[in-house]
Asks: 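Here it is, the structure in full.
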Amino acid sequence: MLSRTKFIAAVEIGTFKITVIIGQVSRGRSLSLVGLGECPARGVVKGTVVDFKAATECVHAALEEAERSAGARVSEVFLAQSGAHLEGFQNEAEVSVSSADNMVSALDIENVCRLAKSKQLPEGRTVVHYLRRPFRLDGRLVPDPEHLDGRRLEVSYWTVHGQESRIADHIHVIRGFNVRVTELILSSLASGSVMTTADDRRHGVLVLDLGAGTTDFVLYRDGCALLTGVVPVGGLHLTNDLSLGLRLNDHDQAEKLKLRHGRAVVTTKDRAEKVWLNGDLGIGDRQFPRLTIEQITAARARELLEVVRKKLGANFDPEHTAAGVVLTGGASKLAGLEEVAAQVFDVPARLGEPPGWVGDHLRAPGHSTALGLLHHGLGASTDSPVARPPAMVAGLLRKFFTAGN
Amino acid sequence: MKPPAITAPEPRTWRDLPQPIKPRAMSREGRKRRVLAAAKSVLAVATLLAVGWGGTELIAVLKKNPARLAAPANSAPVRSVVLRTDGVLDEAWARVTLVLAPKVGLMTLDLAALQARLLAGGQVQAAELTRRLPDTLLVTLHERAPVARVMTQAGDDTPRPLLVAQDGTVFDGRGYAPETVEQLPWLDGVKLKKSGPGLAPIRGMDAVADLMLAVRTHVPELARRFRVVSLARLEADGVLVVTSDDVGEVVFGARGNLARQAAQLDYTLAATRRQFPVESLRVNLAVGGGQVLVARLMAEPPAGRPAPVRRADGTAGVTGFYFPTPKPSVNFSHAL
């Protein structure tokens, strides 16, 4: 690379909006946040591009806005990937330590990792991530087995794969702006990396990124991502339910009611209590029972969380999730959601808080994925057998976000 | 190391997906960026080609004729010398003084040596030489202005007049019109010393320049008739003694107000001219206190007048004192 400074755009193509954050990387060491662009999404359903032209216009508008605010042109893009087409599976491998003195060599590590990743995928599927879990050497967990003494080395990978055509669509939307996609990162991993601490991940934590069209989740244990998943249900489904339940033709009005009066827990006891749609007593303004609104949103929110719990299955164990559940994403703003999450998952739940060094204008839960893209993309390599020192990454990002606008 | 044969190849990852798309699928901004990127690439390739071509040419020259690189400007001889001056010197003088060899290259000129030649005569106070490619030498001069002239004689040689500038520099005075030179007063009472190939600067010329300037400014017709300015008493008495066609002798106080003294001289001559021929007067303007001492120089004492008195400094020919008295109450002096 000729230049010592480059501008990287973190792009999240969401169902509700497109978010672009531009980071300036200087000499590969320091980062500054220099641009932010947002645009309402069109042509995207449940995290999947269904109208290439409309989606392209929105994404490019957000990119242009971010470039204008940064005063620079981006050279690379870190792209968030979501959608129900994404799936994952666990694949394990083990090798006998090859040396006579039973000391694990780099070759042993390489062999076991290659074996664990060699599972073939069905036609039309492509790998998005290899998420390595800790090694096991003669049954004990070790983060780095090299030069340790043992006879049997095991490793398992959580392989995330997706529909090749849908991933290609996302990439082509970005390529239409004539910039290269250098990292493709799961939305849940991006959010999880910035909304949790290393301690949270070591103790075990479940991160739920509730978007408009999908809910992405990642379960961490022993400092590594144990599994990931996507549920094609999000905040817009609550809006749809409200629209149907209250017989509202206008989707925007239902969204307005959800944001103002929706709750994940029913607290209203007075059946006669009404709320105004607009509150301006103008034409079209009318009243709705607050209890009904809360019942609809609460039912759907609980159902959503239970779907996630069901999808996690036996992998989720409250005993191994001491750091609880962290909620993030735009739909996590629904009042009382953490209370329901605590009931459903039987562990403490909280709303995700970005680290203190994130500026106020980026602390909204809707920005967590874009922030995490830069965090995860620059500081972590999920399929690398050699772990990066997390302290260095934290230092980089601290500089990056405190220097931001 | 080559992986074991039993290991299946890793499946395709998203990095294996082809990223390029057709231009028609790009947005307007994307196409613009694509064109810009292509233009940058073309520019980079063109730059590389140009550098490569330049390097090839350089190597070829080095192999065939390295002298071309050593003296790249030899092929451009000086065709013209352009002179800019605030004085009287001309391009012919410049060419003669510079002594440029025929077909000498512009880039090979030793400008410092040429500048020294221009300054050697003394008439040029400052000289600047500039190369104007491809073949012109620009000479810019600041000349000294002559204040007086002095007659010199070395050994048995013919006496030769030279000009003296305000800073005392003695020089030949090339290019001046004869009438200009004739209006300059001669210097007297100076001792010329050799300094290198020329003469050392004459001390006290500042006072002479100031005097000439003051008189020329206030009484120009008198200045034209100044014939000799003597510096003999300048160091000792601080006076300049001037011999003029109008007045026998005028003593100026070099430390006083010369403009005022010039005005006093003009007034005194006008007042005295009615009584005596002023050619025989000795006017002393250096007395101070606004006093002017006027004496008449006579060869023979007139009848009924006091006997001749010898001056204390031994100057001959002073036969008596007469005092023009525009104001009768003032004896032996003329207050202005």
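As the structure is a prediction and not an experimental result, all values here were calculated from the model. Labels below follow one simple rule: chain letters A, B, ... track the order of the sequence lines, proteins then strands, and each chain is numbered from 1.
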Asks: A:H172 versus chain B, heavy atoms under 4.5 Å apart: side chain, backbone, both or neither?
Replies: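 For A:H172, backbone and side chain are both near chain B.
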Asks: Applying side chain to side chain donor-acceptor pair (under 3.5 Å), name anything that partners B:W93, two or more places apart in sequence or on another chain.
Replies: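 Side chain to side chain donor-acceptor pair (under 3.5 Å) list for B:W93, sorted by chain: B:T97.
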Asks: Mind checking which of residues 86-101 of chain A sit less than 4.5 Å from chain B, heavy atom to heavy atom?
Replies: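 Checking residues 86-101 of chain A against chain B gives no residue, so none.
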Asks: Between A:L184 and chain B, which part of the residue has a heavy atom less than 4.5 Å away: side chain, backbone, both or neither?
Replies: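 For A:L184, heavy atoms of backbone and side chain both lie under 4.5 Å from chain B.
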Asks: Go through the atoms of A:T182 and report whether side chain, backbone, both or neither lie under 4.5 Å from a heavy atom of chain B.
Replies: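 For A:T182, the contact with chain B is made by the backbone alone.
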Asks: Could you tell me the separation between the CG atom of B:L58 and the NZ atom of B:K63, rounded to the nearest 0.5 Å?
Replies: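 Between B:L58 CG and B:K63 NZ, I get 11.5 Å after rounding to 0.5 Å.
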Asks: Distance-only criterion, 3.5 Å: show the donor-acceptor pairs between side-chain atoms of residues 34-56 of chain B and protein atoms not counting sequence neighbours.
Replies:
| unit_1 | atom_1 | unit_2 | atom_2 | d |
| --- | --- | --- | --- | --- |
| B:S41 | OG | B:A37 | O | 2.9 |
| B:T47 | OG1 | B:L43 | O | 2.7 |
| B:T56 | OG1 | B:G52 | O | 2.7 |

Asks: Over all heavy atoms of both residues, which pair between A:T56 and A:F52 is shortest? Give the atoms and the distance, please.
Replies: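 Where A:T56 meets A:F52 most closely, the heavy atoms are OG1-O, 2.6 Å.
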Asks: Side chains of A:S82 and A:T214: do they bring a donor and an acceptor to under 3.5 Å?
Replies: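 Yes, A:T214 and A:S82 have a side-chain donor paired with an acceptor closer than 3.5 Å.
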Asks: What's the separation between atom OG1 in B:T169 and atom CG in B:L199, rounded to the nearest 0.5 Å?
Replies: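 It is 10.5 Å, given to the nearest 0.5 Å.
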Asks: Can you tell me which portion of B:P18 sits under 4.5 Å from chain A's heavy atoms? Options are side chain, backbone, both or neither.
Replies: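 Answer is backbone: N, CA, C or O of B:P18 sit under 4.5 Å from chain A.
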Asks: Assess whether side chain to side chain donor-acceptor pair (under 3.5 Å) is satisfied between B:H142 and B:Q125, documenting all intermediate values.
Replies: CA-CA 6 Å; B:H142 173 55; B:Q125 189 169 13; 3.2 Å; yes
Asks: Any salt bridge (Lys or Arg N to Asp or Glu O under 4.0 Å) pairs touching residues 156-182 of chain A, not counting sequence neighbours?
Replies: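 Applying salt bridge (Lys or Arg N to Asp or Glu O under 4.0 Å) to every pair that reaches into residues 156-182 of chain A, excluding sequence neighbours, yields A:E164-B:R12.
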